Amino acid sequence: MKNIKIRIKEMVREAFNKLPGYENMEEKEISIMPASRPEFGDFYTNAALKAAKERNASPQKLASDLCGKLAEMKPDFLAKAEVKNGFINFFVNNSVYFDFIKNVHESSGSVLQMPCAGEKKVLIEFVSANPTGPLTIAHGRQAAFGEALARILKYAGFEVVKEYYLNDAGRQIKLLGQSLKARYMQLNGKEASIPEEGYEGEYLIELAKKLKEFREQEDVFFDRFASESILGGIKEDLRAFGVTFDSWINETSFIREGSVNRLIEELKKKGLLYLSDSSWWFKSSAYGDEKDRVVIKSDGSLTYLATDIAYHENKIKRGFDTLVNIIGPDHHGYIPRLKAAVEVLGGNPENFTPIIVQLTTLYRGKEKLSMSTRKGQFISLRQLIDEVGPDASKFFFIFRKTDSHLDFDLELAKKKSLENPVYYLQYAYVRMKHILKFAEEKGMDFSGMKPDFSLLKEEEEIIIAKKVAGFSGIVESVVQTYGVHLLAEYLLELSRAVHSYYQKHRVVNEGEKDITFARLVLINALFEVFSRSLELLNISLPDSM
RNA sequence: GCGCUUGUAGCUCAACUGGACAGAGCGUUGGCCUCCGGAGCCAAAGGCUGUGAGUUCAAAUCUCACCAAGCGCACCA
């Protein structure tokens with residue numbers, strides 16, 4: 001079944017076509033939006049206001065002309081359309097929503113699977129933390145968001161690849177190796193100190209203990225041992241968190257294959273690199289960056305930007321239409337130069353989509369937990385998972401939009417009360433399951449029956465039917481805006497609908513088989529969208545509490 | 001000093017990208033347990049959208065200037 005919004009849109013377009021001077025309205029000129037209050041119907045459009053302005057006409061008159069045409073067309077799904085203040089309000093027949101419920105029932109939910117995105121390849125690069133320390137909660141939020149976004153885009157029909165870019169070369173790894181070596185020496189009773197700007201976290205002491213039985217080692221050994229062990233820990237944490245990657249790609253591979261050097265020569269030939277102060281600069285300022293950036297330092301070594309350019313060339317060559325980079329706010333200054341790189345490499349800068357995920361502040365009740373990565377005082381993602389669990393963590397990370405700073409209260413996340421939205425969700429989920437199970441246990445036989453939705457007249461039942469039908473619209477909004485939190489909010493709305501309905505009306509009544517069946521079908525459809533939404537957000541809920 | 005993000009009910013946050021009287025949850029106050037799990041439901045109170053101007057039929061949303069918080073401003077990532 002076609003999305004009700006699309007059907008209204010097509011109808012409005014047709015009505016426009018019947019009015020002289022308004023033929024061939026552009027796609028974006030007609031937007032159909034959910035109404036904000038009941039007296040405005042189910043949906044409304046401001047198309048008349050916009051179109052009239054463009055053409056210096058009276059919006060009121062245009063709106064009522066349009067409405068006249070709509071009335072002539074008499075679409076079966078519309079109860080009425082009326083004009084108010086130049087807006088056109090649409091009142092949809094409730095039967096449309098129940099038809100949809102019926103479809104969900106008959107297809108066992110597969111009608112909910114509706115690709116709406118068209119064929120497009122999307123690369124989502126996220127987390128990409130250096131293997132120099134355990135993942136932090138900042139990475140956790142990025143991981144939770146990236147995974148959910150990937151699932152939703154895939155659901156909508158995109159081809160999606162989740163990728164982790166591994167900085168496994170360079171100064172940071174050296175510093176890490178030296179820090180580990182210092183810890184190792186200390187454990188063996190020798191004088192040694194962590195290098196300037198080195199890593200002081202306790203995790204290196206733990207790692208050094210594992211090395212205790214080894215003899216004196218070369219520096220390279222420490223570099224490799226430290227980064228490989230830490231990477232192993234990162235992978236374990238991600239597994240515990242339920243986040244997976246389709247592809248791991250190493251910085252060193254671009255250096256080893258020579259693609260960095262080749263690319264640098266090409267850019268030199270194109271005049272995009274120049275020599276100054278015995279180092280090579282990328283002309284990023286010509287593409288919107290505030291200044292040019294060094295790619296080869298005066299000592300001859302490469303900056304990270306050099307390999308990043310090679311990496312993004314690689315992304316483009318693999319044929320992705322959209323490049324999503326999920327990063328923390330501390331890297332936002334890096335965006336203009338990467339965008340410049342994408343542009344000179346022949347990619348479309350419009351499709352380069354950086355998403356900045358703002359920081360999370362942890363609270364324990366009222367107490368703010370301060371964090372410093374360098375000193376090694378922080379709550380790692382692993383500690384968070386151990387304390388509040390992966391599912392509650394993921395929900396809290398996801399249900400705020402990415403560009404707002406997040407306050408995460410550990411006490412709240414663990415509370416078993418309705419202050420905690422995760423419990424509210426769980427309870428709704430369990431209630432639905434319980435109803436369905438209860439009905440089954442009663443052994444009522446519905447075989448051969450068709451649900452009669454005309455029996456469902458309660459306000460709460462109509463609300464549920466509308467919410468279920470709204471699922472595809474929510475998915476569509478997420479695809480357009482990358483606002484994953486919209487789906488989390490939708491889940492809370494569904495939960496509210498469940499609790500409210502449950503409180504007022506009994507679903508399973510042995511004496512009234514017809515209405516029981518219709519209600520069960522409704523609850524089942526609701527359960528179906530509920531489960532799918534959870535799956536898209538990568539959150540699992542227990543079957544009982 | 002410059003740049004990015006944020007500022008909305010007591011608290012945590014929405015507002016479908018410029019739409020109608022700015023909405024939820026928690027908290028507060030007052031009601032609901034014969035009956036599928038009351039870990040719930042219903043109702044009320046609560047707002048000059050940080051401040052001040054501007055753009056237009058229409059601004060929380062766009063422009064400018066201030067104020068406040070966070071983060072950046074390297075031949076570090």
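Below, read A as the first sequence line, B as the second, and so on, with proteins coming before strands; counting in each chain starts at 1. All figures in this text were calculated on a predicted structure; none of them were measured in a lab.
At the heavy-atom level, A:Arg506 lies under 4.0 Å from base atoms of the strands shown. Within 4.0 Å (heavy atoms only), A:Glu510 reaches no atom of the nucleic acid at all. Residue A:Thr303 is in sugar-phosphate contact alone, with no base atom involved, counting any heavy-atom pair closer than 4.0 Å across all strands shown. Nucleic acid contact for A:Arg431: sugar-phosphate only, since backbone atoms but no base atoms lie under 4.0 Å from a heavy atom of the residue. Nucleic acid contact class of A:Ser298 (heavy atoms, under 4.0 Å, all strands): base. Counting non-hydrogen atoms under 4.0 angstrom, A:Asn130 reaches the backbone sugars and phosphates but no base. Contacts of A:His499 with the nucleic acid, taken as non-hydrogen atoms under 4.0 Å apart, involve only primed sugar atoms and P, OP1 or OP2. Residue contacts for A:Pro34: at a heavy-atom cut-off of 4.0 Å it reaches a base atom on one of the strands shown. As judged by a 4.0 angstrom heavy-atom cut-off over every strand, A:Lys442 is placed among residues making no nucleic acid contact. Looking at heavy-atom distances under 4.0 Å, A:Asp289 makes no contact with the nucleic acid at all. Within the 4.0 angstrom heavy-atom criterion, only backbone atoms of the sugar-phosphate kind lie near A:His485; the bases stay farther away. Base engagement by A:Thr481 is indicated by at least one non-hydrogen atom pair under 4.0 Å involving a base atom. In this structure, A:Asp277 reaches the bases: a heavy-atom distance under 4.0 Å links it to at least one base atom across the strands shown.
Picking from B:G23, B:C71, B:G40 the nucleotide with the shortest atom distance to the side chain of A:Arg37 gives B:G23. Across B:A15, B:C36, B:C76, the shortest atom-to-atom separation from the side chain of A:Tyr502 is found for B:C36. The side chain of A:Arg496 lies closest to B:G25, out of B:U5, B:A74, B:G25. Here the nucleotide nearest the side chain of A:Pro329, chosen from B:C76, B:C71, B:A14, is B:C71. Here the side chain of A:Lys50 is nearest to one of B:G18, B:C36, B:A20, namely B:G18. In this structure, of B:C41, B:C13, B:G72, it is B:C13 that holds the atom nearest to the side chain of A:Ser404. With distances taken from any side-chain atom of A:Asp407 to the nucleotides B:C75, B:U12, B:C42, the minimum falls on B:U12. Among B:G40, B:C57, B:A74, the nucleotide with an atom closest to any side-chain atom of A:Leu49 is B:C57. Which of B:G19, B:G38, B:A20 sits closest to the side chain of A:Tyr427 comes down to B:G38.
Nearest heavy atoms, A:Ala413 versus A:Asn420: O-ND2, 3.0 Å. The two residues A:Leu359 and A:Ala138 have their closest heavy-atom pair at CD2-CB, 4.2 Å.
Judged by centroid separation below 5.5 Å and plane tilt below 30°, A:Phe87 stacks onto the base of B:A20. Stacking here means ring centres nearer than 5.5 Å and ring planes tilted less than 30 degrees, and by that measure A:Phe40 stacks onto B:A20.
Glycosidic torsion of B:U34 falls outside 90° of 0, placing the base in anti. Applying the 90° criterion around 0 to the glycosidic angle, B:C21 comes out syn.
Nucleotide B:G72 forms a pair with B:C2, judged by Watson-Crick or G-U wobble geometry with both contacts under 3.5 Å. When both pairing distances are held under 3.5 Å, B:C33 makes no Watson-Crick or G-U pair with any nucleotide shown. Pairing of B:U55, defined by two Watson-Crick or G-U wobble distances under 3.5 Å, is not identified with any nucleotide. In a base pair of the Watson-Crick type (N1 to N3 plus N6-O4 or O6-N4) or a G-U wobble (N1-O2 and O6-N3), with each distance short of 3.5 Å, B:U28 is matched with B:A44.
Ring geometry for A:His312 versus A:Phe352: interplanar angle over 60°, hence perpendicular rather than tilted (30 to 60°).
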- [ ] Show your reasoning for whether salt bridge (charged side-chain N to carboxylate O under 4.0 Å, His left out) applies to A:Lys467 and A:Glu493.
- [x] CA-CA 8 Å; A:Lys467 290 259 180 258; A:Glu493 282 173 28; 3.1 Å; yes
- [ ] Kindly indicate, with the supporting measurements, whether the criterion salt bridge (charged side-chain N to carboxylate O under 4.0 Å, His left out) is fulfilled by A:Lys315 and A:Glu125.
- [x] CA-CA 10 Å; A:Lys315 285 184 180 178; A:Glu125 184 210 330; 2.8 Å; yes
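The number of heavy atoms from other shown groups lying within 6.0 Å of NZ (A:Lys437) does not exceed 12. The local environment of NZ in A:Lys174 is sparse, with at most 12 non-hydrogen atoms from other residues, nucleotides or ligands closer than 6.0 Å.
Within the 4.0 Å cut-off from OP1 or OP2 of B:C76, at least one side-chain nitrogen or oxygen of A:Lys297 is found. Between A:Lys53 and B:A58, a side-chain N or O to OP1/OP2 separation shorter than 4.0 Å is absent.
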